[in-house]
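The shown structure was predicted, so the numbers you read here are calculated from the model rather than taken from an experiment.
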Amino acid sequence: MQLQLQLKTGAALLLAVAAGVSTYVFLGYADAYRQSAQNLQTLTSYDLVLKAGNAVSAERAPSNILLSLDPDAGQAYVSMQADVAAARQRTDLALSDLQNLVAKQPHDGQTMIELAAARKSLAQGRADIDCLARHAPSDRSPQDLQNAIDAMIDARTRLDPVIQNFYGAALRHAPDQAGIMQGALILSDLREFGGRIGSMLIVPLSTPEPISPARRAVIIDLKGHIDQLHRLLPGRVDPASQGRDDIDGMRARLERGFFGHMLSLIDQLVAHSGSDYGLRAASFTRQVLPDLMDLERLEDLFMHRAIAQIAQTHRDARRQMLLTGACLLALFCFLVAALRAAESLIIRPLLLARQEIINLASGHLSRTPRAGRSAEVRALHDAIDTLRRHQILTTQLALERDHLSEALREQAYTDALTGLLNRRALEEVVGDLSAAPVVLREDRGLILLDVDYFKPINDEHGHVVGDIVLRAMADRIKDVVPPPHRAFRYGGEEFAVLTAGLSMKALCALAESIRRAIAGHEVLVHNALSLPVTASFGVARGEAGQSTWLNLLKAADTALYQAKAKGRNQLIAADSVS
């Protein structure tokens with residue numbers, strides 16, 4: 001219906017507009033969701049490479065302590081071996097995670113080469129440390145000690161390009177977190193440079209021997225890097241961190257520990273070069289290790305803050321995507337519900353009423369299912385009921401008229417005496433014989449029969465008895481002639497049987513059956529009178545498209561007269577119909 005189409009079109013337009021707006025908003029949040037997911041992955045990767053660098057740096061501390069101990073030191077030596085093993089396990093796990101991460105990145109062969117070189121240097125340093133640790137301190141030459149320490153430092157140095165690559169990628173993908181990432185990188189470098197300074201003092205404190213000029217120059221250079229990084233280190237991560245003292249508290253602790261205690265202790269040891277240091281390598285390492293670990297903790301806090309912010313952005317974008325999708329879905333459900341309500345309350349009642357009116361017009365007067373309970377719909381149904389009552393009355397009148405017409409037609413085409421079809425009915429079938437010849441449209445057979453000596457019966461017993469005989473003849477004919485063949489009273493005592501599709505042989509067999517049925521039993525007029533009755537038959541058959549009704553009738557009539565002439569109570573078949 002037009003109304004239904006308009007409602008659906010309007011709903012579709014509204015939904016299209018809403019879908020367009022929602023899609024625009026949704027795509028914005030989807031882009032933020034995708035970007036935040038990428039940023040989160042980038043920062044996580046960056047945090048992983050920093051942890052790998054810190055693990056390599058941190059492994060030097062227990063190794064340095066182990067190199068300052070005597071294998072005969074008992075439990076202290078065994079405990080430090082366990083610390084070294086734990087530090088190596090941490091480093092191996094971090095490097096394996098980093099290698100797996102790099103392996104998943106396409107076209108990053110150079111990073112894999114650098115990572116392999118770092119592992120190689122690390123393995124060399126560990127082997128040197130294990131070899132030296134098995135000997136007494138007096139058997140460990142200063143150069144061997146320094147070579148082992150330098151191999152460990154070289155392993156960390158070879159990770160610098162890898163860290164810089166990840167740092168650059170992190171800046172490209174998450175530029176709004178640049179301050180935090182730069183702070184984390186500064187802390188990682190501070191941790192490495194501070195550890196290197198400590199490693200530069202291990203050999204003098206273990207031997208003990210004066211600090212050489214070359215070693216002093218390295219220490220001064222490292223302190224210069226530390227001073228530069230100290231100035232670059234932000235005082236506060238971001239304004240949102242105000243009131244949250246985790247990072248700020250650790251920042252203040254670094255000023256007291258690493259930049260205060262550790263660097264001051266190093267200055268004192270350098271100043272005492274060539275004299276009694278007053279501190280052995282193991283004690284020095286244990287004193288500065290907490291300050292170095294504070295750098296790692298602050299770096300972890302920096303990265304945790306960045307990752308937490310990106311993760312929150314990721315969750316917010318996801319929530320907004322879901323909310324937008326839910327709103328669009330709710331609008332769609334509302335429009336569908338509105339359309340269904342309109343269809344149920346308006347369109348379906350109208351369609352059912354329309355169909356009911358069509359049914360009434362088609363003559364189906366029974367009441368069909370209805371829908372809708374509004375006052376307007378009920379008024380429409382009342383009008384349809386009025387129309388139905390009028391249609392029922394009209395139909396009843398038409399049926400009465402048809403019944404009357406049928407009765408008149410039956411009366412006009414039925415012989416009142418015998419109940420057979422009359423000659424007029426036969427002519428209705430074969431056509432007007434007085435007009436142009438009517439060609440047979442199908443094979444037809446015609447049996448004409450005439451009651452023998454019927455006039456004497458009428459003359460001797462009267463017309464009432466004659467009528468009884470004619471009715472008996474009609475009953476016997478009807479008993480023998482099966483449908484679809486039809487029997488007629490052709491006139492007076494003459495009858496006709498019209499057949500379709502029978503051969504001449506079958507046609508003659510049917511005529512013979514009728515003859516026997518008539519001749520086989522006398523007609524009982526009353527208890528005192530029964531009359532033998534016979535009939536003569538003329539049989540003819542015409543072929544479709546070759547014979548006419550008039551020729552067929554003439555042939556059967558001629559055959560009938562021949563049967564009469566040959567003594568009656570017999571049948572004659574016409575040779576041909578022409």
Fill in: Interatomic spacing from CG in D557 to CG in L550 - rounded to 0.5 Å
10.5 Å

Discussion item. The test is side chain to side chain contact (heavy atoms under 4.5 Å, CB included); show your working for L560 and L449 and say whether it passes.
Written reply: CA-CA 7 Å; L560 174 60; L449 61 132; 5.5 Å; no

Discussion item. Heavy-atom count check: over 12 atoms from other residues, nucleotides or ligands less than 6.0 Å from E522 CD?
Written reply: yes

Discussion item. Working to the nearest 0.5 angstrom, can you tell me the gap between M504 CE and D575 CG?
Written reply: 8.5 Å

Fill in: Spatial distance of atom OH (Y490) from atom CD1 (I447) [nearest 0.5 Å]
15.0 Å

Worksheet item: So which of T42, L101, L171 actually passes side chain to side chain contact (heavy atoms under 4.5 Å, CB included) with F166?
Response: L101

Worksheet item: Does some side-chain heavy atom of I180 sit less than 4.5 Å from a side-chain heavy atom of F302?
Response: yes

Worksheet entry | Side-chain (Y167) to main-chain (L185) donor-acceptor, under 3.5 angstrom | no

Worksheet entry | Residues D450, S536; criterion side chain to side chain donor-acceptor pair (under 3.5 Å); working and verdict | CA-CA 5 Å; D450 185 82; S536 300; over 6 Å; no

Worksheet entry | Side-chain (T414) to main-chain (G419) donor-acceptor, under 3.5 angstrom | no

Worksheet entry | T499 side-chain N/O to G445 backbone N/O, donor-acceptor pair under 3.5 Å | yes

Practice prompt. Decide if atom CZ of R318 counts as having more than 12 heavy atoms of other residues, nucleotides or ligands within a radius under 6.0 Å.
Written response: no

Worksheet item: Distance from K566 atom NZ to L571 atom CG, nearest 0.5 Å?
Response: 10.5 Å

Worksheet item: Taking atom CD1 of I163 and atom OG1 of T111, what is their separation to the nearest 0.5 Å?
Response: 12.0 Å

Worksheet item: Checking R489 side chain against G492 main chain: does a donor-acceptor pair fall under 3.5 Å?
Response: yes

Item to complete: Apply salt bridge (Lys or Arg N to Asp or Glu O under 4.0 Å) to D475 and K478, showing your working.
Response: CA-CA 5 Å; D475 293 338; K478 285 189 287 186; 3.8 Å; yes

Practice prompt. Apply the test side chain to side chain contact (heavy atoms under 4.5 Å, CB included) to residues I457 and Y453: give CA-CA distance (whole Å), side-chain angles for both, the deciding distance (0.1 Å), then the verdict.
Written response: CA-CA 7 Å; I457 294 175; Y453 306 111; 5.6 Å; no

Practice prompt. Kindly determine whether Q320 and D316 satisfy side chain to side chain donor-acceptor pair (under 3.5 Å), including the steps that lead there.
Written response: CA-CA 6 Å; Q320 293 298 332; D316 291 343; over 6 Å; no

Discussion item. Could you check whether any side-chain heavy atom of T558 comes within less than 4.5 Å of a side-chain heavy atom of Q562, counting everything from C-beta outward?
Written reply: yes

Discussion item. On a heavy-atom basis, which atom in L159 and which in G53 lie closest, and how many Å separate them?
Written reply: CD1-CA, 4.0 Å

Worksheet entry | Donor-acceptor contact below 3.5 Å, side chain D415 vs main chain N422 | no

Item to complete: State plainly whether the residues R476 and D479 are in salt-bridge range, i.e. N to O under 4.0 Å.
Response: no

Discussion item. Can you give me the closest heavy-atom contact between A544 and D443, atom names plus distance?
Written reply: N-OD1, 2.9 Å

Worksheet item: Quick one: are V480 and S513 in side-chain contact, heavy atoms under 4.5 Å?
Response: yes

Fill in: Q177/N39 under side chain to side chain contact (heavy atoms under 4.5 Å, CB included): CA gap, chis, key distance, verdict
CA-CA 9 Å; Q177 301 295 324; N39 292 348; over 6 Å; no

Worksheet entry | Taking every non-hydrogen atom, the tightest pair across A535 and I518 | CB-CD1, 4.1 Å

Item to complete: For the pair K564 and D452, find out whether any cationic side-chain nitrogen is under 4.0 Å from an anionic carboxylate oxygen.
Response: yes

Response to the item:
A540 and A556 have their tightest heavy-atom pair at CB-N, 3.6 Å

Response to the item:
Heavy-atom nearest pair, L470 first then V451, reads CD2-CG2, 4.5 Å

Practice prompt. Report the C-alpha distance between D47 and K51 in whole Å, list the side-chain angles of each, state the deciding distance to 0.1 Å, and finish with yes or no for salt bridge (Lys or Arg N to Asp or Glu O under 4.0 Å).
Written response: CA-CA 6 Å; D47 182 55; K51 281 182 168 56; 2.7 Å; yes

Worksheet item: If we only count heavy atoms from C-beta on, is the L553 to L448 side-chain gap below 4.5 Å?
Response: yes

Worksheet item: Does L421 reach the side chain of L426, with side-chain heavy atoms less than 4.5 Å apart?
Response: no

Worksheet item: Is any NZ, NE, NH1 or NH2 atom of the basic residue among E428 and R424 found under 4.0 Å from an Asp or Glu carboxylate oxygen of the other?
Response: no

Item to complete: Walk me through it: do R515 and E512 pass the test side chain to side chain contact (heavy atoms under 4.5 Å, CB included)?
Response: CA-CA 5 Å; R515 189 194 67 77; E512 179 62 20; 2.7 Å; yes

Discussion item. Tell me if the CD atom of Q89 is crowded by more than 12 foreign heavy atoms within 6.0 Å.
Written reply: no

Fill in: Atom pair CZ (R444) and NE2 (H485), whose distance is rounded to the nearest 0.5 Å
10.0 Å

Item to complete: Measure across V465 and H461 and return the closest heavy-atom pair with its distance rounded to 0.1 Å.
Response: CG2-O, 3.5 Å

